[in-house]
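These notes concern the structure reproduced below.
No hydrogens, no waters, no symmetry mates; every other heavy atom, side chains included, goes into these values.
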Amino acid sequence: MKLVIDRTLFGFNDGIDTINQLNDKFTFLSILLNRLLSEKYTGKKIKYLNLFFYENPIKLIKAYGKDYFLHYYGGQFTYKRVIDYDFFLSLNYDGQKQFIWKTAYEMLQFAAEELKNESLLNASEYAYHKGLEMELNADYRMIETEVIIFGKNYKAAVWVNFLVDKMQANFTLEKNNQIVLKKLLEEGPNGMEFFLVMFKKILQKDNSIIIHGTKDLAYLPLQVSFINDHGQLSINN
């Protein structure tokens, strides 16, 4: 899917290391929001959409003369506002996800009204409800293609899967939207942007597939071969 908005960033800004670590912990939510906004947004170009959550209004008032900052220029969108960190940090992980998702939605709705951007208003409304419908699951296929393995049609894909403390890249072979085979390719810490662009394309060679990607990974291109044992498909390790 082509992203209309190049990147959405969530930033937790109060200068405390334990809170700054939340930037990485909730990167998956900003990625999910970016993908869902891109499905509907058709308004003024937004290259980078930045939402910052502050603990204390003092920094904002000192810098901008008010307790929030909203700015759009040349494709750069930035909105900074205060959230209740005491309440936020008292929540469990699921509660924190819901809190940030709703807060981001409210910020975009407010910004859309202030900037008279009807498309952002509608796209953020769609993204908020669609995200809840998806249970805030940000996993997605980074690359995918149709392949024929031993005479049968499959979808070959590399997924980005978001866990609480890390990200995974998994190769899957799918049939009728069901995962038939799965192979772990890579793991990395949450928030590592390079992880999201490591793999570029999938090609087929006979009854194998070859995964291509960045030259920075020594094991690429990677060939994944299959074994057909009386109709039972498996990965040849």
Side-chain angles (χ1 to χ4, degrees), residues 1 3-16 18-44 46 48-61 64 66-72 76-140 160-165 167 190-191 196:
M1 181 186 76
L3 297 177
V4 178
I5 300 170
D6 285 359
R7 187 208 66 197
T8 294
L9 171 72
F10 289 171
F12 296 80
N13 288 60
D14 77 339
I16 300 174
T18 55
I19 290 181
N20 288 340
Q21 291 172 6
L22 296 171
N23 293 344
D24 295 337
K25 184 177 181 180
F26 291 102
T27 293
F28 76 97
L29 283 183
S30 64
I31 292 171
L32 176 61
L33 181 60
N34 195 78
R35 293 179 63 80
L36 294 177
L37 287 173
S38 291
E39 289 181 14
K40 296 294 183 181
Y41 185 71
T42 58
K44 297 178 182 177
I46 299 178
Y48 300 120
L49 193 157
N50 306 304
L51 300 178
F52 293 103
F53 312 110
Y54 277 70
E55 186 219 13
N56 194 306
I58 294 176
K59 292 180 182 179
L60 292 172
I61 293 172
Y64 308 113
K66 53 188 176 183
D67 62 358
Y68 74 94
F69 174 72
L70 173 61
H71 180 72
Y72 170 83
Q76 300 276 352
F77 175 105
T78 300
Y79 187 8
K80 305 176 181 180
R81 62 159 265 198
V82 176
I83 66 170
D84 186 345
Y85 269 92
D86 288 337
F87 174 72
F88 169 66
L89 294 174
S90 73
L91 300 171
N92 62 22
Y93 179 59
D94 287 337
Q96 290 178 349
K97 290 193 297 184
Q98 294 282 342
F99 178 88
I100 292 301
W101 191 250
K102 184 176 181 181
T103 300
Y105 161 68
E106 292 171 347
M107 292 172 73
L108 291 178
Q109 290 280 292
F110 175 81
E113 294 280 5
E114 289 289 301
L115 299 172
K116 297 180 173 57
N117 188 332
E118 184 176 358
S119 183
L120 181 59
L121 188 73
N122 295 333
S124 58
E125 183 78 25
Y126 165 81
Y128 174 69
H129 292 290
K130 184 67 175 179
L132 293 180
E133 180 183 315
M134 297 168 61
E135 298 182 343
L136 302 184
N137 182 351
D139 297 349
Y140 70 96
V160 180
N161 298 111
F162 297 92
L163 308 180
V164 175
D165 58 349
M167 298 184 290
N190 286 325
L196 307 176

**Prompt:** Given K25 and Y93, is the side chain to side chain contact (heavy atoms under 4.5 Å, CB included) satisfied, shown in steps?
**Reply:** CA-CA 10 Å; K25 184 177 181 180; Y93 179 59; 3.6 Å; yes
**Request:** Check the pair N190, F26 against side chain to side chain contact (heavy atoms under 4.5 Å, CB included), reporting the backbone distance first and the verdict last.
**Result:** CA-CA 8 Å; N190 286 325; F26 291 102; over 6 Å; no
**Item:** Derivation of the side chain to side chain contact (heavy atoms under 4.5 Å, CB included) call for N34 and L49
**Value:** CA-CA 8 Å; N34 195 78; L49 193 157; 5.6 Å; no
**Message:** Run M134 and L36 through side chain to side chain contact (heavy atoms under 4.5 Å, CB included) and show every step you take.
**Reply:** CA-CA 11 Å; M134 297 168 61; L36 294 177; 4.0 Å; yes
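Residues E55 and V82 approach most closely at O-CG1, 3.8 Å, considering heavy atoms. Taking both residues in full, the closest heavy atoms of L32 and A138 are given as CB-CB, 3.8 Å, listed atom of the first, atom of the second, then distance. Residues V4 and S38 share a closest heavy-atom pair of N-OG, 3.1 Å. Considering all non-hydrogen atoms of both residues, Y85 and L22 come closest at CE2-CD1, 4.4 Å.
Legend: residues meeting salt bridge (Lys or Arg N to Asp or Glu O under 4.0 Å) with D139, ordered by chain and number and at least two apart, are absent. Partners of F99 under the ring-ring contact (aromatic ring centres under 6.0 Å, His included) rule, at least two apart in sequence or in another chain, are F87, F88. For D84, there are no side-chain hydrogen bond (donor to acceptor under 3.5 Å, both in side chains) partners at least two apart in sequence or on another chain. In this structure, D165 has no salt bridge (Lys or Arg N to Asp or Glu O under 4.0 Å) partners at least two apart in sequence or on a different chain. Residues satisfying the ring-ring contact (aromatic ring centres under 6.0 Å, His included) criterion with F162, sequence neighbours excluded, are absent altogether. Residues that satisfy the side chain to side chain contact (heavy atoms under 4.5 Å, CB included) test with H71, not counting sequence neighbours, are F69, Y73. Scored by the ring-ring contact (aromatic ring centres under 6.0 Å, His included) test, F10 finds F53 as partners (sequence neighbours excluded). Qualifying ring-ring contact (aromatic ring centres under 6.0 Å, His included) partners for Y140, counting only residues two or more places apart in sequence or in other chains: none. Partners of Q76 under the side chain to side chain contact (heavy atoms under 4.5 Å, CB included) rule, at least two apart in sequence or in another chain, are Y48, N50. Take E133 and apply the salt bridge (Lys or Arg N to Asp or Glu O under 4.0 Å) test, not counting sequence neighbours, and it matches K130.
S119 contributes no side-chain N or O that, together with a main-chain N or O of Y41, makes up a donor-acceptor pair within less than 3.5 Å. At distances below 3.5 Å, not a single donor-acceptor pair connects side-chain atoms of D67 with backbone N or O atoms of L60. Listed for the N117 side chain is no donor-acceptor partner under 3.5 Å among the backbone atoms of A111. A donor-acceptor pair under 3.5 Å is formed between the side chain of Q109 and the backbone N or O of L121.
Each of I5, T8, L51 was checked for a side-chain contact (heavy atoms from CB on, under 4.5 Å) with F77, and the lone residue meeting it is L51.
Sorted pairs that involve residues 103-123 and meet salt bridge (Lys or Arg N to Asp or Glu O under 4.0 Å), not counting sequence neighbours, are lacking altogether. Residue pairs meeting the salt bridge (Lys or Arg N to Asp or Glu O under 4.0 Å) criterion with at least one partner in residues 86-97, sequence neighbours excluded, are D94-K97.
I83 contributes atom CD1, which lies 13.0 Å from atom CZ of F52 (distance to the nearest 0.5 angstrom). For the atom pair CD of Q98 and CG of L136, the computed distance is 5.0 Å after rounding to the nearest 0.5 Å.
In this structure, the side chains of I46 and L37 stay at 4.5 Å or more apart for every pair of heavy atoms. Residues F110 and R81 have side chains not in contact (no heavy-atom distance under 4.5 Å, counting atoms from C-beta outward). Side chains of W101 and L33 form a contact here, defined as non-hydrogen atoms less than 4.5 Å apart. Using a 4.5 Å heavy-atom threshold, the side chains of H129 and E125 count as touching. Annotation: side chain of T27 is not in contact with side chain of M167 (no heavy-atom distance under 4.5 Å).
Counted by atom type alone, K80 and Y64 present one or more donor-acceptor pairs between their side chains at under 3.5 Å.
Within a 6.0 Å radius of CG in L132, other residues, nucleotides and ligands contribute more than 12 heavy atoms.
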